[in-house]
Amino acid sequence: MNTRIDLDIDQGIATVTLHNPTKLNAVNAAMWRGLSATMARIAGDDSVRCVIVRGAGENAFAAGGDIEEFRNVRATVDDALHYHEDLVASALNAIRDCAVPTVAAIRGACVGGGLEIAGCCDIRIAGESARFGAPINRLGFSMYPGEMAGLLALVGPAVVLEILLEGRILDAREALQKGLLTRVVDDERVFEEAAVSAERIRAGAPLVARWHKQWVRRLTTGVPLSEEEKRRAFDFLATEDYREGLAAFSEKRAPAFRGR
């Protein structure tokens with residue numbers, strides 16, 4: 001079976017590709033494992049400053065999980081818990097917890113598990129013809145709560161309930177309006193726009209990008225910052241990149257950040 005997760009790292013930008021083209025890149029159990037392993041490899045590479053996640057080809061980001069294997073991988077409650085807690089959750093958490101920014105480049109179908117993967121990314125760029133949803137009410141099973149939580153945090157209960165109760169497929173413009181996407185571009189510009197976004201991120205101070213991700217996640221807990229945390233917000237004062245940024249501004253040149 002020609003299914004896999006591809007990884008390419010070029011000049012600080014990692015591209016992760018979901019590869020199962022004969023099934024619109026539906027994610028099977030082996031691919032969930034591969035996605036976790038790939039994100040772990042990225043986490044161990046200090047040269048990476050941004051990650052682009054995409055589907056193989058131009059027809060789909062990912063059309064959900066591989067339903068044909070569900071009879072085996074989710075045959076019992078214990079099997080289902082293993083599949084969703086150990087395989088799917090591990091992969092989704094690895095994307096969500098990635099220290100560097102992540103960009104989803106979406107063409108075609110972005111459904112079910114594909115929507116969950118995209119929802120874990122920091123920036124989601126889609127083509128005009130991309131489609132979004134989770135019509136699993138027609139298949140007789142519900143979305144696992146642990147996976148629903150990610151979409152709930154992204155778009156809120158009203159949108160999640162609309163998606164799950166109606167099982168309707170949204171076009172890109174409606175998905176943008178509902179908060180599922182960051183921006184929509186012409187289909188042929190999706191991967192170019194994702195590369196441009198990644199380059200903007202790569203050109204910035206890498207420690208700052210990591211801190212911004214950490215602080216956004218921390219502030220959404222609703223718990224007030226401690227005095228220690230407030231002081232840590234100024235850790236940048238001791239970095240070489242901060243000094244380089246100020247020097248570059250004064251000298252009217254592009255900064256050369258080193259991540260330290």
Side-chain angles (χ1 to χ4, degrees), residues 2-8 13-32 34-36 38-39 42 50-68 87-88 91-96 98 101-136 143 147-148 150-151 154-155 159-160 163-164 167-198:
N2 188 24
T3 65
R4 61 183 186 270
I5 304 296
D6 291 331
L7 173 63
D8 176 72
I13 298 175
T15 301
V16 176
T17 304
L18 313 173
H19 192 278
N20 188 3
T22 62
K23 294 185 177 181
L24 295 176
N25 299 322
V27 187
N28 60 29
M31 291 171 69
W32 286 117
L35 188 53
S36 295
T38 297
M39 295 307 298
I42 290 170
C50 184
V51 179
I52 296 173
V53 182
R54 57 165 291 177
E58 300 180 349
N59 296 322
F61 180 79
D66 188 346
I67 295 171
E68 291 184 6
L87 302 187
V88 180
L92 295 179
N93 286 337
I95 298 170
R96 188 181 294 112
C98 182
T102 52
V103 179
I106 306 166
R107 287 200 60 172
C110 183
V111 176
L115 183 62
E116 294 168 1
I117 291 171
C120 290
C121 293
D122 302 312
I123 295 173
R124 290 163 300 282
I125 300 170
E128 289 280 1
S129 66
R131 296 294 180 265
F132 305 84
I136 53 178
M143 182 174 285
E147 294 156 31
M148 190 189 303
L151 291 177
L154 179 64
V155 295
V159 175
V160 169
I163 290 171
L164 295 177
R168 186 164 61 89
I169 300 299
L170 312 179
D171 63 30
R173 289 294 167 182
E174 186 173 5
L176 176 67
Q177 183 269 327
K178 293 182 184 299
L180 286 167
L181 297 175
T182 306
R183 56 184 174 269
V184 175
V185 299
D186 292 340
D187 287 340
E188 61 270 18
R189 290 188 53 233
V190 169
F191 301 133
E192 175 189 351
E193 184 69 16
V196 169
S197 176

Task: Expected output: side-chain Asp187 to main-chain Ser129 donor-acceptor under 3.5 Å - done: yes
Task: Over all atoms of both residues, closest heavy-atom pair of Ala194 and Val103 - done: CB-CG1, 4.2 Å
Task: Any donor-acceptor N/O pair, Arg124 side chain to Leu180 backbone, under 3.5 Å - done: yes
Open item on the list: Taking the side chain as everything from C-beta on, heavy atoms only, tell me whether Phe191 gets closer than 4.5 Å to Arg107.
Closed with: yes
Task: Non-hydrogen atoms of Ala26 and Met31 that approach each other most closely - done: O-SD, 3.5 Å
Task: Heavy-atom side-chain contact between Phe61 and Val111 under 4.5 Å - done: no
Task: Nearest atoms (heavy-atom pairs only) where Gly34 meets Ile5 - done: C-CG1, 3.8 Å
Open item on the list: What I'd like to find out is whether the side chain of Ile95 reaches to under 4.5 Å of the side chain of Leu35, using heavy atoms alone.
Closed with: yes
Task: Residue of the set Asp66, Thr22, Asn28 for which side chain to side chain donor-acceptor pair (under 3.5 Å) holds with Thr3 - done: Asn28
- [ ] Indicate the atoms forming the closest heavy-atom contact of Val53 with Cys121, along with that distance.
- [x] CG2-SG, 4.0 Å
Open item on the list: Could you work out, with side-chain hydrogen bond (donor to acceptor under 3.5 Å, both in side chains) as the rule, every residue matching Thr182, not counting sequence neighbours?
Closed with: none
Task: Heavy-atom side-chain contact between Leu24 and Asn59 under 4.5 Å - done: yes
Task: CG (Asp186) with more than 12 external heavy atoms under 6.0 Å - done: yes
TODO: Kindly indicate whether the side chain of Arg54, heavy atoms from C-beta on, has any atom under 4.5 Å from the side chain of Leu18.
DONE: no
- [ ] Taking the side chain as every heavy atom from C-beta outward, state whether Val185 and Glu192 have any pair of such atoms under 4.5 Å apart.
- [x] no
Open item on the list: Check whether Asn25 reaches the backbone of Ala60 with its side chain - one donor and one acceptor, N or O, closer than 3.5 Å.
Closed with: yes
